[in-house]
Each structure stands twice: as C-alpha cells, then as structure tokens.
Number of protein chains: 2
Amino acid sequence: MAARHEEIAEELRQAIDRGEYPVGGTLPTETELSARYGVSRGTVRQAVAALTAEGRIGSRQGARRVVLGNRRSQSFAELRSFAQWAHAMGRTATGRVLDQHRRPATLEDAEKLQIKPGDEVLQVLRVRGLDGEPVLLERNVYAAWMADSVERLPADCISVVQALYEDIGMIFAYGEHVIDAVAAGAEDARLLEVRRGSPLLRIRRVTTTPAGRPIEWSDDRYVSGTVSFTVANSIGSNPLARQAGQA
Amino acid sequence: MAARHEEIAEELRQAIDRGEYPVGGTLPTETELSARYGVSRGTVRQAVAALTAEGRIGSRQGARRVVLGNRRSQSFAELRSFAQWAHAMGRTATGRVLDQHRRPATLEDAEKLQIKPGDEVLQVLRVRGLDGEPVLLERNVYAAWMADSVERLPADCISVVQALYEDIGMIFAYGEHVIDAVAAGAEDARLLEVRRGSPLLRIRRVTTTPAGRPIEWSDDRYVSGTVSFTVANSIGSNPLARQAGQA
DNA sequence: GTCATCGACTTGTTCGGACAAGTGATTCCC
DNA sequence: GGGAATCACTTGTCCGAACAAGTCGATGAC
C-alpha cells in the first residue's frame with residue numbers, strides 16, 4: 001500500500017525508538033541498507049531523507065549518518081487537528097462553538113483567503129479543552145464555499161477536520177503558521193478562565209486544499225503552560241523562520 | 001560551485017518572486033523544466049522538492065504543481081543567528097553579556113548536552129536589542145569544550161555564531177526548538193524593560209555540530225510584538241509539532 | 001442537462017549505473 | 001611524537017529509463 005521508501009523510513013524510525021541505533025551512534029551505510037531491504041540505493045536515500053527532514057538523523061557527505069534523537073513528531077493530521085492530536089497523546093479533547101455568523105469579508109479576510117472584499121465568509125468562535133480544562137480559543141474564518149458544511153456541524157463537534165473529511169471529503173493539505181505571544185484580552189481571559197494579561201501563545205494560520213485554494217484562516221490562542229510546539233531544523237533545511245513583528 | 005539542482009531551485013524561487021509564476025497558478029511540467037535547463041527529470045525533482053519543503057509550492061500526483069506563496073524564508077544561519085537575521089532584515093542588532101560564569105552541570109544540562117552531571121559548563125546571560133530596543137533575553141549553557149572560545153569573545157560581540165565560525169571554524173548544524181509563551185519574571189522584566197507578567201515568546205533550543213555533538217542549549221525570551229516565527233507545513237512534510245506542556 | 005467513461009497528460013516510485021566530494025583511519029616521513 | 005600524505009569508504013549528484021497512480025478535460029450515453 002504505502003510506498004516502499006515510506007515503509008523503510010518507518011522501520012528505521014522504529015529501530016531508532018527501540019534503541020537499535022542509539023542516539024549519538026551511526027546508521028548503517030546506504031549500500032548495506034539497500035542490501036538488507038532489497039531495494040536500490042535511491043530508495044534508501046528517499047527513506048533517510050525523510051528522517052533527516054524530521055531532524056532525527058544528521059547527514060554529512062563522506063561520513064556515516066548520525067542519530068540525533070528519537071523524539072516522535074506528530075503527523076500533519078495531528079498538527080492540524082486538535083482532537084486527533086489530543087487522542088494521539090492519550091488525552092480527551094472537548095470543543096464548543098460559542099458564536100457563529102456570516103458576514104462580509106474584510107480586507108484582511110480577502111487577502112488571506114484570496115477572495116474579494118465583501119464576499120461572504122463564516123466566522124466561528126470555539127473554545128477547546130483538554131481533560132476538562134479550557135486551553136485553546138479558536139477564531140476561524142471560512143471561505144463561503146465551505147460555510148454550508150461547517151454550519152451543519154454540531155456545536156460540540158470534537159474534530160472539525162475529521163468531520164469535514166467524512167462529510168465532503170475535504171482535505172486540509174497545506175498550512176502556514178505565524179507564531180507569537182500576546183497578553184490575554186478581556187474576552188480571552190473570560191473564555192479561557194485565566195487572568196487578564198496572562199501570556200497566551202498565538203498561532204495564526206492559513207490552510208489550503210491540495211490544489212492550493214485557501215479554506216480558512218484562524219487565530220488560535222493557547223493558555224501558557226498547556227501546550228508547546230517543537231521544530232527541528234538543520235543547515236540544509238529550515239522550515240522555521242523568524243520575522244520582525246508588527247503587532 | 002553549487003549543485004545544479006540548487007541553482008535551479010533558486011532560479012524558480014526568483015521566477016516566483018518576479019511574478020513569472022503567479023500565486024495560485026501552476027509551474028511548468030517536470031519534462032518541460034528538464035528540457036529548459038538541460039538536466040534530467042530527477043534533478044528537476046530535487047529542485048522542486050526543495051520548494052515544496054519550503055511551502056512555496058504544492059504538489060499532487062497527476063496534477064501540475066501549484067504556486068502557494070512567494071514568501072521568502074530565512075536561511076538556517078539567519079534563523080540561528082540573531083545578528084545575521086537582523087542584518088538581512090535591514091535592522092541593527094546589538095548584544096551585551098550581563099553575566100558569564102562556569103559551574104558544574106545540573107541534571108538538565110547533562111541530559112541536553114549529553115555530558116555527565118558535574119562536568120563543567122559555561123553559563124552566559126545576554127540581552128539582545130533591535131534598533132536600540134531590548135527585545136531578547138538569552139540564557140545559554142555551553143559545553144566545556146566550547147567554553148574557552150566563548151569566553152574569548154568580547155562582551156558586546158554582535159554575532160556569536162559568526163565569531164565562533166571565524167575563530168575556530170565551529171559550525172552550528174542542527175537545532176531543535178521548543179516554543180511556548182511565558183510571563184516575564186522579575187529579572188526578565190527588569191532586563192527587557194517591560195512590566196512584570198508581560199507575555200514573552202520563549203524558544204528553548206539545543207544546537208549540535210554536523211557530527212551530532214551538542215554544543216549548547218539556550219532559553220531565549222522575546223518581547224511580545226517584536227518578533228514572530230513562521231512555519232509552513234504540508235500533508236507530506238510537517239516540521240512543526242505540538243506537545244502537551246508541563247511547565 | 002447530467003453523469004459515467006475514456007484517454008492524454010503529469011507526478012510518484014523504483015531501478016541501475018557512474019562519477020565527484022568529503023571523512024577518517026592508517027601509514028609514512030621527518 | 002607530530003604532521004603530512006595516502007587510501008578505502010561513504011554520501012552527494014546526476015543520468016536515463018520504465019511503469020504506476022492520479023488528474024482533468026473531452027466524449028458519449030442516458
């Protein structure tokens with residue numbers, strides 16, 4: 001089912017987790033791996049490239065690959081969907097829609113969703129909880145062509161992403177995230193049950209379909225101390241970037 | 001000098017920036033690109049894979065690649081080095097060492113730097129500024145084998161990374177970053193000239209050499225509103241991961 | 001008009017080969 | 001003993017080919 005190079009990548013991940021290749025040690029050579037799995041060297045290279053991109057192994061020309069860590073990172077689905085992530089962590093996610101209404105698109109909406117100002121959009125305000133505690137305040141704006149499907153969802157829908165996939169086969173494929181910290185405003189504080197001015201981790205995000213069409217943008221605010229984000233990068237690939245801020 | 005696939009990737013980046021391939025439009029096919037650049041299809045695929053990893057283009061089997069955005073992301077050097085990043089943004093970076101002393105490694109130090117508890121480490125406290133305003137408080141812990149070189153640096157050294165490279169050829173190759181938000185403590189507030197309790201964006205990081213040997217770990221706290229971080233991800237690759245927090 | 005089928009086109013996977021470039025341990029010379 | 005040269009090994013780059021799998025518009029049936 002899965003491509004052979006993905007299978008090999010997964011086997012290597014598990015071998016690292018098992019301690020078969022200890023942190024700080026080296027991986028077998030490409031030639032040895034291709035012999036062991038009965039594939040060509042190119043296929044092995046695709047597999048190890050995946051682990052390199054995840055930051056689990058380091059690679060230098062001329063030297064064997066080094067195991068950097070055995071941290072397990074979440075899949076895209078788990079990153080995008082709060083519910084799926086919580087489930088993978090063995091925690092219970094809750095969710096509740098506090099407000100939901102259609103309105104004309106502002107200039108900001110139009111730019112982010114690649115639509116015209118004044119076009120209808122659907123704004124949704126949700127609170128998400130983890131094991132009963134509210135930890136996340138979500139402000140979403142959906143493009144008009146998504147609005148009907150979103151409105152049909154129950155107010156206490158746990159996983160919006162999964163529900164939309166099951167209903168209309170919608171797939172969230174690409175995301176761009178901007179991360180910073182803000183103080184809780186009056187509304188934030190009330191809904192998240194924290195003091196006004198408490199630090200919140202803010203993630204602003206635009207999500208698109210596999211074809212590159214923007215689906216929604218979102219302003220997520222996490223209560224400090226409940227959730228953190230990790231990024232691995234290397235001299236060869238750097239997914240994370242720093243930006244000077246205008247508030 | 002540079003590999004052909006890197007040259008092609010850069011040419012494609014520039015073509016996107018020029019608007020030659022508008023956002024929302026499609027890229028030429030692999031066959032056409034290989035003919036245009038006179039290389040094999042495999043080389044073209046290496047080039048577009050780089051752009052895909054950066055989140056600039058989207059890719060689906062069977063359909064032409066789609067241009068998702070023309071944001072320019074910083075290089076690893078610019079991510080790792082505050083000074084190089086500031087320079088690339090056209091701003092002026094400052095830096096000042098407030099405290100610097102050797103001490104035995106705690107359990108936390110030992111785990112992160114892969115050394116034994118009690119081994120000597122060098123702890124450094126720095127304030128970094130942007131155009132005169134203090135924006136970042138850095139608490140670094142260096143492994144002993146780096147300590148001498150770091151101590152030789154002047155207290156107002158602008159770019160530690162670059163200085164270490166020029167002095168001893170040290171290269172910072174891999175990094176793992178954990179991102180969350182915290183309230184400014186008494187010391188944080190005094191040194192960053194903000195009110196106590198102000199939201200700070202915290203990045204904890206471990207950096208290693210190309211061979212996977214830990215160099216240092218660091219706790220960076222940014223004043224809210226001055227700097228933000230961006231991450232692009234896709235269903236095929238997700239550098240960013242969410243983690244449940246223990247403070 | 002709507003829907004299913006078809007077919008040209010495009011990307012994904014995998015192979016096998018060749019050479020370039022860098023690493024690391026050994027050897028050798030001084 | 002210290003340092004330079006050597007050399008086997010390993011990863012990086014690139015080629016050319018073939019087939020699988022998915023997309024998208026056109027065609028045709030109902």
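Here is how names work: the chains are called A, B, and so on, in the same order as the sequence lines, proteins then strands, and each is numbered from 1. These values consider heavy atoms only, across backbone and side chains, with no hydrogens, waters or symmetry-generated copies. Everything numeric here is computed off the predicted structure, so don't read it as measured data.
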Q: With the side chain of Ala63(B) defined as its heavy atoms from C-beta on, choose the nearest nucleotide among dG12(C), dC24(D), dG24(C).
A: dC24(D)

Q | Proximal nucleotide (of dC15(C), dC14(D), dT13(C)) relative to the Glu6(A) side chain | A | dT13(C)

**Q.** Donor-acceptor pair present, Arg41(A) side chain and dG12(D) base, under 3.5 Å
**A.** yes

Q: Would you state whether a donor and an acceptor, one from the side chain of Arg4(A) and one from the base of dG12(C), lie under 3.5 Å apart?
A: no

Q) Ile57(A) and side-chain contact (heavy atoms from CB on, under 4.5 Å): which partner among Val66(A), Leu12(A), Thr26(A), Leu27(A)? A) Leu27(A)

Does [X] place a side-chain N or O at less than 4.0 Å from the phosphate oxygens OP1/OP2 of [N]?
X	N	value
Ser59(A)	dG12(D)	yes
Arg45(A)	dG12(D)	yes
Thr43(B)	dC15(D)	yes
Arg65(B)	dG12(C)	yes

Q) If we only count heavy atoms from C-beta on, is the Arg4(A) to Gln46(A) side-chain gap below 4.5 Å? A) no

(Q) Across nucleotides 3-9 of chain D, 5' to 3', mark each nucleotide with B, S or - according to how protein heavy atoms within less than 4.0 Å reach it. (A) -------

Starting at atom [atom1] of [X], determine the distance to atom [atom2] of [N], rounded to an integer number of angstrom.
X	N	atom1	atom2	value
Leu51(A)	dT11(D)	CG	P	13 Å
Gln46(B)	dT13(D)	CD	C1'	7 Å
Glu30(B)	dG12(C)	CD	P	6 Å
Gln61(B)	dG22(D)	CD	C1'	5 Å
His5(A)	dC15(C)	NE2	P	11 Å

**Q.** Arg128(A) with Asp220(A): basic N within carboxylate O range, under 4.0 Å
**A.** no

Q. Are Ser34(B) and Arg41(B) close enough that a side-chain donor and a side-chain acceptor fall under 3.5 Å?
A. no

Q. What do you reckon, are the aromatic ring centroids of Phe229(A) and Phe229(B) less than 6.0 Å apart?
A. no

